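All values below come from the heavy atoms of this structure, side chains included, with hydrogens, waters and symmetry mates left out. As the structure is a prediction and not an experimental result, all values here were calculated from the model.
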Amino acid sequence: MSPGKVLQPVLKMKVDELFLCWLSQPATQLTLKDCLRRIKNEEKTETGNGDSGNDTNERFANKNSNSKQCILGDTRLPLMSFSPPQLSTTTLPLATPASSRNVSNVRATRRSSGTRAVQPKKEETLPPSLSQNIPTFYFPRGCPKEKVNIDAVIAKIERTFSEFPNERATLEDMGKVAKACECPLYWKGPLFYCAGGERTGYVSVHKFVAMWRKILQTCYDDAAKFVHLLMNPGCNYLVQEDFIPFLQDVVNSHPGLSFLKEASEFHSRYITTVIQRIFYTVNRSWSGKITCNELRKSNFLQNVALLEEEADINQLTEYFSYEHFYVIYCKFWELDTDHDLYIDRKDLARHNDHAISNRMIERIFSGAVTRGRKAQKDGKISYADFVWFLISEEDKKTPTSIEYWFRCMDLDGDGALSMYELEYFYEEQCQKLDNMAIEPLPFEDCLCQMLDLVKPQYEGKITLHDLKRCKLTNVFFDTFFNIEKYLDHEQKDQFSMLRDGEGESQEVSDWEKYAAEEYDILVAEEAASDQWNDGYEAELNPVDHQKASVLKYQMEKRPFFEMPSHLADVDLDEYDYEEDFE
C-alpha cells in the first residue's frame with residue numbers, strides 16, 4: 001500500500017465473509033439438505049390445516065432470531081467460535097425478519113407447481129430524459145440573436161458592391177463594405193483578407209457575400225466574428241501572426257500614423273509592440289492563443305472601434321499609442337548596444353541604473369516568463385520579451401504584472417511564495433543596502449511588514465490570490481528586487497501609500513504615468529540635441545519630433561531591421577514566439 005493511503009471498509013467483502021461462516025455451520029447444511037428434500041417432494045408435504053400459517057410464523061421467528069445470533073453475535077469472539085444455532089430442520093433461515101406479507105408470499109409460492117417456468121423480469125419503462133428540457137446555456141460563438149434578417153444585410157452589401165467597377169472592391173473600398181456589414185471601420189482589412197483579397201488585389205461580390213453569410217450563420221457576436229476573420233483555417237483561436245495584416249492596415253490608413261509612411265522599416269517595430277500589448281492584456285491564460293471568450297472579456301474590440309473616432313492615435317493608450325511604443329523602443333535601444341535585436345543579462349541589468357537585482361534577472365532569463373528557447377539556450381531575450389518586462393516593471397498593480405513577478409519569485413513552482421523564497425530575494429537587497437552604507441531592516445522585521453501588508457489567507461505562504469487582493473503589490477515586489485523603488489517607498493509615509501493604493505480606480509495607470517513622463521524627457525533630450533547641432537532653438541511638437549526621430553534612425557549605419565517590401569515580409573518568427581508560456 002502506498003504511504004498515506006487511507007484504509008476504507010468494503011461492505012461486500014464483509015458480507016461475503018459472514019455468509020461463508022453461516023454456510024459452513026453443520027446446522028445450516030442440515031437445513032439446506034432438508035429443504036432440498038422438501039422441494040423435491042413438495043406436492044406430498046404441502047398438506048396442512050389453517051394453523052400452518054401460525055406454525056410458519058413461529059418457525060420464521062425462531063429461525064430469524066437464531067440467524068441473527070449467528071451473524072450478529074459477540075464480536076469479541078473469533079468468527080468460527082459461534083455456537084451452532086438451534087434451528088428447525090424444516091425451515092430455511094432468512095436474513096431479515098419476515099412480515100405477514102412475506103409469509104403470504106412464501107405460502108403462495110409453495111402452492112405453485114414445482115415445474116413452473118421462470119418468469120422473465122419485466123423491464124420498467126424509463127421516463128423521457130430531462131436533458132431535453134434544459135435550455136442551451138453554452139455559446140462559444142456568441143448567443144444567437146433573435147430576428148436577425150440575414151437577407152436584408154446581404155442585400156445592403158450587394159448594393160454597396162454595385163457602386164464599384166465590376167462589383168469588385170479593393171482594400172481602399174472596404175471601408176464602405178465594413179459599414180454595410182455593420183462593423184467598425186478598421187475591420188476592413190480583416191474582411192478583405194478573409195475573402196481572399198490579398199491574392200487577387202480585389203474581392204468580388206459573390207465571394208464576399210458567401211463568406212459573410214457563413215459568418216452570420218455561425219458567429220453571433222463581434223468577438224466570434226473577429227476571431228473568424230483573423231484565424232487560420234481549422235483554428236478557433238488567434239496567435240500573434242494573425243494580427244499582422246490587421247495592424248498593417250491600421251498603420252497604412254490611420255491618420256494618426258501618417259508620418260510612418262515615410263519610414264516603413266519602423267512598421268514592424270510598431271506592429272510587434274502592439275501585438276505584445278494585446279497579448280499582455282487579453283491573453284489572460286498565458287497560452288499564446290487568444291480565444292473568443294478572452295476577447296469577449298477584454299476591451300480590445302472597443303478600442304478597435306475607437307480607432308475610427310479618434311484621430312490622435314496617442315489617445316488610445318491601452319494598445320495603439322505611438323508614444324508608448326516610442327518609449328519602449330528607445331529603452332530597448334539603449335540596452336541593446338550591439339543592435340542585434342536581443343539583449344543578454346548584462347544588458348538588462350543596466351536598466352534603470354542596475355535597480356533590478358541580479359537574482360531577479362536570472363529568473364527572467366530562466367524561462368519563467370519568456371517565450372521561446374532563446375533565453376534558456378543563448379541567454380538572450382527579444383524585443384517582444386522586453387515589452388512584457390518593461391510594462392510589468394513600471395506597473396505592478398495589473399493582473400498580468402502580478403502574475404509576471406509571481407512566476408519569477410516562485411522558485412519551486414508550487415503556486416505559493418514561501419518564507420525561504422522571500423528571504424532568497426531579500427538577501428541581495430540587504431547586500432546592496434550595505435554597499436550604499438544603509439543599514440538594512442532585518443528579514444524577520446521585513447517579513448512581518450510584508451505579511452501585514454498582504455494579509456495572506458494561509459499562514460506561512462503567500463499565494464497569487466493573496467497578492468491580487470492586496471492594494472499595494474508594487475510595494476511588496478519592489479521590496480524584494482528593485483532597490484531604487486524600495487528606497488522611494490521607504491521615504492513615503494504609510495498614509496500616502498495607502499492613499500495611492502485606495503486610488504486604484506484612477507483613470508491614469510502607473511504605466512501611463514511612466515510613459516508620459518519618459519516621453520517628455522525623450523522629447524526634451526531630442527530638442528536639446530537639435531539645439532546643440534543646429535545652433536539655434538527650435539520649437540518641436542510631438543509629431544515633428546516623431547518624424548525627426550524616424551529620419552534620424554534612418555541615417556544610422558546599421559538599420560534596426562530591413563525595410564519590408566510587402567505585407568508578408570512583416571514576420572514575427574524572427575523573435576521566437578512559437579512556444580507558449582510554460
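Minimum heavy-atom separation, Asp478 to Tyr486: O-CB, 3.5 Å. Between Met419 and Phe443, the shortest heavy-atom distance links the atoms O-CZ, 3.6 Å. Scanning both residues, Phe406 and Ile462, for their nearest heavy atoms gives CE1-O, 3.7 Å. Heavy-atom minimum distance, Tyr404 versus Ile364: OH-CG2, 4.0 Å. Nearest heavy atoms, Pro245 versus Asp242: CD-O, 3.6 Å. Looking at every heavy atom in both residues, Leu451 comes nearest to Pro456 through O-CD, 3.5 Å.
Atom-to-atom distance recorded for Phe476:CZ and Leu453:CG is 8.0 Å, nearest 0.5 angstrom. Here Cys408 contributes atom SG and Arg359 contributes atom CZ; the two are 15.0 Å apart, rounded to the nearest 0.5 Å. With values rounded to the nearest 0.5 angstrom, Leu467 atom CG is found 6.0 Å from Leu417 atom CG. Interatomic distance, CD1 of Ile154 versus CG of Leu216, reported as 6.0 Å (0.5 Å rounding). Atom CZ of Phe480 is separated from atom OH of Tyr426 by 8.0 Å, given to the nearest 0.5 angstrom. The distance from the NE2 atom of His465 to the CD atom of Gln457 is 6.0 Å, given to the nearest 0.5 Å.
Side chains of Cys181 and Phe208 form a contact here, defined as non-hydrogen atoms less than 4.5 Å apart. Using a 4.5 Å heavy-atom threshold, the side chains of Cys292 and Asn236 count as separate. Residues Cys35 and Leu32 form no side-chain contact, since every pair of their non-hydrogen atoms from C-beta on lies 4.5 Å or further apart. A 4.5 Å side-chain heavy-atom check between Phe243 and Leu238 finds at least one atom pair inside the cut-off. Arg296 is not listed as a side-chain neighbour of Thr291, based on a closest heavy-atom distance of 4.5 Å or more. In this structure, Leu390 and Trp511 have side chains that are in contact, with non-hydrogen atoms separated by less than 4.5 Å. In this structure, the side chains of Leu441 and Gln449 come closer than 4.5 Å at one or more pairs of heavy atoms. Between Phe386 and Leu348 the shortest side-chain heavy-atom distance falls below 4.5 Å.
With hydrogens and angles left out, the side-chain atoms of Thr31 and Thr28 include no donor and acceptor closer than 3.5 Å. Looking at Thr463 and Asp466, their side chains do bring a donor and an acceptor atom within 3.5 Å of each other. Under the 3.5 Å distance criterion, with hydrogens and angles disregarded, no donor-acceptor pair is assigned to the side chains of Ser287 and Tyr237. Residues Ser382 and Asp385 bring a donor and an acceptor atom of their side chains to less than 3.5 Å of each other.
In this structure a side-chain-to-backbone donor-acceptor pair under 3.5 Å is present from Glu421 to Leu411. The main-chain N or O of Asn358 is found under 3.5 Å from a side-chain atom of Glu428 such that the two form a donor-acceptor pair. Side chain of Asn303 to main chain of Phe300: no donor-acceptor pair is present (N/O by atom type, distance under 3.5 Å, no hydrogens or angles). For Tyr220 (side chain) and Gln217 (main-chain N/O), a donor-acceptor pair under 3.5 Å exists by modelled atom type. Within the 3.5 Å criterion, the main-chain N or O of Asp452 finds a donor-acceptor partner in the side chain of Lys455. Side chain of Trp405 to backbone of Phe477: no donor-acceptor contact under 3.5 angstrom is found. Using a distance-only test at 3.5 Å, with no hydrogens or angles considered, no donor-acceptor pair links the side chain of Asp378 to the main chain of Lys380. Although no hydrogens or angles enter the test, the distance criterion places no donor-acceptor pair under 3.5 Å between the side chain of Thr473 and the main chain of Cys470. In terms of modelled atom types and a separation under 3.5 Å, the side chain of Asp221 and the main chain of Ala224 share a donor-acceptor contact. For Ser24 (side chain) and Cys21 (main-chain N/O), a donor-acceptor pair under 3.5 Å exists by modelled atom type.
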Q | From CA spacing to verdict: side-chain contact (heavy atoms from CB on, under 4.5 Å), Ile278, Ile290 | A | CA-CA 9 Å; Ile278 292 172; Ile290 294 179; 3.9 Å; yes

Q. Could you walk me through whether Arg363 and Arg407 pass the side-chain contact (heavy atoms from CB on, under 4.5 Å) check?
A. CA-CA 9 Å; Arg363 285 296 296 163; Arg407 284 170 174 245; 5.9 Å; no

Q: Start with the C-alpha distance between Thr370 and Phe365, add both sets of side-chain angles, then the distance that settles side-chain contact (heavy atoms from CB on, under 4.5 Å), and finish with yes or no.
A: CA-CA 7 Å; Thr370 54; Phe365 280 83; over 6 Å; no

Q: Could you please spell out the steps behind the side-chain contact (heavy atoms from CB on, under 4.5 Å) verdict for Trp187 and Asp222?
A: CA-CA 11 Å; Trp187 284 39; Asp222 289 345; 4.0 Å; yes

Q.
salt bridge (charged side-chain N to carboxylate O under 4.0 Å, His left out) for Glu294 and Lys289? Distances and angles first, verdict last.
A. CA-CA 9 Å; Glu294 288 179 328; Lys289 301 173 182 178; over 6 Å; no

Q: Show your working on side chain to side chain donor-acceptor pair (under 3.5 Å) between Glu393 and Asn482 and close with a plain yes or no.
A: CA-CA 9 Å; Glu393 164 60 18; Asn482 191 311; 2.5 Å; yes

Q.
One pair to check against salt bridge (charged side-chain N to carboxylate O under 4.0 Å, His left out): Asp151 and Arg213. What are the steps and the verdict?
A. CA-CA 9 Å; Asp151 293 334; Arg213 184 186 294 274; 3.4 Å; yes

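A distance of 6.0 Å or more separates the ring centres of Trp286 and Phe279. A ring-centre distance under 6.0 Å is found for Phe226 and Phe246.
The side chain to side chain contact (heavy atoms under 4.5 Å, CB included) test with Tyr319 singles out one residue from Val304, Ile275, Leu247, Thr281, and that residue is Thr281.
The existence of a salt bridge linking Lys461 and Asp410 is excluded, since no basic side-chain nitrogen approaches an acidic carboxylate oxygen closer than 4.0 Å. Taking 4.0 Å as the cut-off between side-chain N and carboxylate O, Arg277 and Glu318 do not count as a salt-bridged pair. Classification of Arg284 and Glu403 as a salt-bridged pair holds, one side-chain N sitting under 4.0 Å from a carboxylate O. Salt-bridge check for Glu394 with Lys485: passed, with a basic side-chain N closer than 4.0 Å to an acidic carboxylate O.
Within 6.0 Å of NZ in Lys468 there are more than 12 heavy atoms belonging to other residues, nucleotides or ligands.
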